[in-house]
Amino acid sequence: MTTYDADGVTLEKVRDYVWEIPQEGGMNRPARVLASEDLLDEISEDKTLQQLKNATHLPGVRKYAICMPDGHQGYGFPVGGVAGIDAEDGCISPGAVGYDINCGVRMMKTNLTYADVQGREEELVDALFEAVPSGLGGGGVHQGTKGDVDAILERGMEWALEEGFAVPEDLEHCEDEGVRHDADPDRVSQKAKDRGKNQIGSLGSGNHFLEVQRVTDVYRDDVAERFGLSEDQIVVLIHCGSRGLGHQVCTDYLRDIEQAHAGLLDRLPDKELAAAPAGSQLAEDYYGAMCAAINFAWVNRQLIMHRTREVFADVFDTTWEDLEMDLLYDVAHNIAKKETHEVEDGEERELFVHRKGATRAFPAGREEVPPAYRDVGQPIIIPGSMGAGSYVLRGGEESLSETFGSTAHGAGRLMSRTQAKQEFWGGDVQDDLREQSHVYVKAQSGATVAEEAPGVYKDVDEVVRVSDALGIGDRVARTFPVCNIKG
DNA sequence: ATGTGC
């Protein structure tokens with residue numbers, strides 16, 4: 001048997017790109033890493049594998065905890081981690097969802113081609129930077145009232161539709177149709193609501209961005225045609241989350257769960273994995289609050305998209321409808337959701353599927369896939385770095401049996417933000433991108449550009465190649481940046 | 001990720 005020895009953890013090769021950490025000690029199940037050997041070399045450099053092992057200690061974890069090819073260490077649980085945990089006798093863990101609840105990405109199409117924007121990149125990036133709020137702190141597209149925040153938390157993109165920030169087709173092209181009906185705004189603290197009130201429609205900082213891109217490659221003609229994608233087409237990618245509101249929800253419930261379920265915590269190998277037992281009051285409360293934060297993030301991305309449509313209409317002196325600026329799809333990267341899956345003994349169970357830095361990747365036929373894509377599989381959007389472009393995939397046939405219907409979410413960091421700032425200088429990164437790749441970057445902070453330099457990320461091509469080879473997410477098209485705004 | 005911290 002082929003094995004891979006990382007520091008303190010031995011993995012057994014199951015087949016190409018599938019590695020297993022066998023069950024031992026307090027593990028309730030084995031763990032699996034889906035990666036090439038090159039990616040595994042990177043994954044094994046930080047605490048990812050230990051965190052993945054730790055996750056299998058959570059009560060009710062089913063089949064195996066999984067690390068995606070873009071995995072790296074996170075708070076308690078890997079970013080790029082997936083755990084399907086029994087919703088009846090298991091638990092729910094905020095650390096396995098992440099601080100930025102429903103951090104995610106949407107792609108909007110246009111009928112413009114690269115030739116239409118060439119020579120106008122500067123004008124476009126300036127107009128977008130001016131119109132779309134970004135950076136740390138407050139200021140959003142819409143200054144919300146207390147009532148707005150409650151309505152957003154309760155109804156998600158249905159609120160945006162009522163307020164004229166969306167058209168019905170936007171909701172039809174969003175995961176969960178842009179609303180989690182399990183949301184309970186009363187379970188979100190006033191502090192979280194106050195933080196969110198003036199951040200409705202704002203990018204934030206860190207790896208969040210808005211990017212105008214051109215489609216460079218199409219790999220599956222039939223699926224690309226169904227998605228409305230073709231070479232040289234201009235598209236817009238929006239990557240952001242639930243800002244301070246989601247962060248506060250995570251903080252609030254981590255503290256409460258640590259205190260109320262100290263007994264369970266004592267049996268876990270890492271305090272950061274704090275979990276509420278299924279059926280407990282805090283499990284219900286956290287789920288309701290998390291779903292509300294999910295709704296907030298969808299509205300956030302919707303309002304940024306709405307503003308982007310206005311900018312394009314202005315710059316190109318027409319209407320967004322004439323530019324056919326339609327939403328391809330919006331996918332969540334940091335969520336937990338009740339879903340029914342076949343587990344290890346062939347039984348169908350309701351699970352809290354935790355996807356932290358992982359994308360739902362449902363294939364054709366699955367009822368949660370919206371009618372527009374039910375017969376081809378859902379679109380999956382995987383952003384790469386500023387220098388590497390991004391991918392559109394579609395849900396693969398193997399995802400339901402291998403990954404609870406999930407795949408990767410991005411390139412994955414190679415180094416810390418602190419290290420990145422020592423290696424790169426923002427202005428140089430911007431100059432290099434413009435001169436070598438014709439990519440126009442505008443940011444609130446040079447430090448953010450350094451932290452997000454292309455060199456701090458893993459090879460997104462390799463991540464997507466593994467997803468495609470495993471059949472969990474099939475490569476459809478590749479894009480490359482034209483201009484990018486960020487915090 | 002984040003009014004970047006208990």
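Naming convention: chains lettered A, B, ... in sequence-line order (proteins, then strands); numbering from 1 in each chain.
In this structure, A/K271 places its NZ atom 11 Å from P of B/dC6, rounding to the nearest Å. Taking atom CG on A/N300 and atom C1' on B/dT2, their separation rounds to 14 Å, with Å as the unit. For A/N102 and B/dT2, the CG to P distance is 13 Å, given to the nearest whole Å. Here the P atom of nucleotide B/dT2 and the CG atom of A/L203 are 10 Å apart, to the nearest Å. The CD atom of A/E452 sits 14 Å away from the C1' atom of B/dT2 (whole-angstrom rounding).
A salt bridge is absent between A/K146 and A/D194; no separation between the charged side-chain nitrogens and carboxylate oxygens falls under 4.0 Å. A salt bridge does not link A/R180 to A/E154: none of the charged nitrogens lies less than 4.0 Å from a carboxylate oxygen.
Backbone-only engagement by A/Q199 is indicated by non-hydrogen atom pairs under 4.0 Å involving sugar-phosphate atoms exclusively. At a threshold of 4.0 angstrom between heavy atoms, the contacts of A/K356 with the nucleic acid are absent.
Sorted by first and then second residue, the ring pair (Phe, Tyr, Trp, His ring centres under 6.0 Å) pairs involving residues 444-463 of chain A (not counting sequence neighbours) form an empty list.
In the region residues 240-258 of chain A, proximity to DNA chain B at under 4.0 angstrom, judged on heavy atoms, holds for A/R243, A/G244, A/H247.
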- Step-by-step salt bridge (charged side-chain N to carboxylate O under 4.0 Å, His left out) determination, A/D150 to A/K193: CA-CA 8 Å; A/D150 278 324; A/K193 291 175 185 177; 3.0 Å; yes

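Figure legend: cation-pi geometry between A/R366 and A/F362, with NZ or CZ positioned under 6.0 Å from the six-membered ring centre and within 45° of its axis. Under the 6.0 Å distance and 45° angle rule, A/K338 counts as a cation-pi partner of A/Y287.
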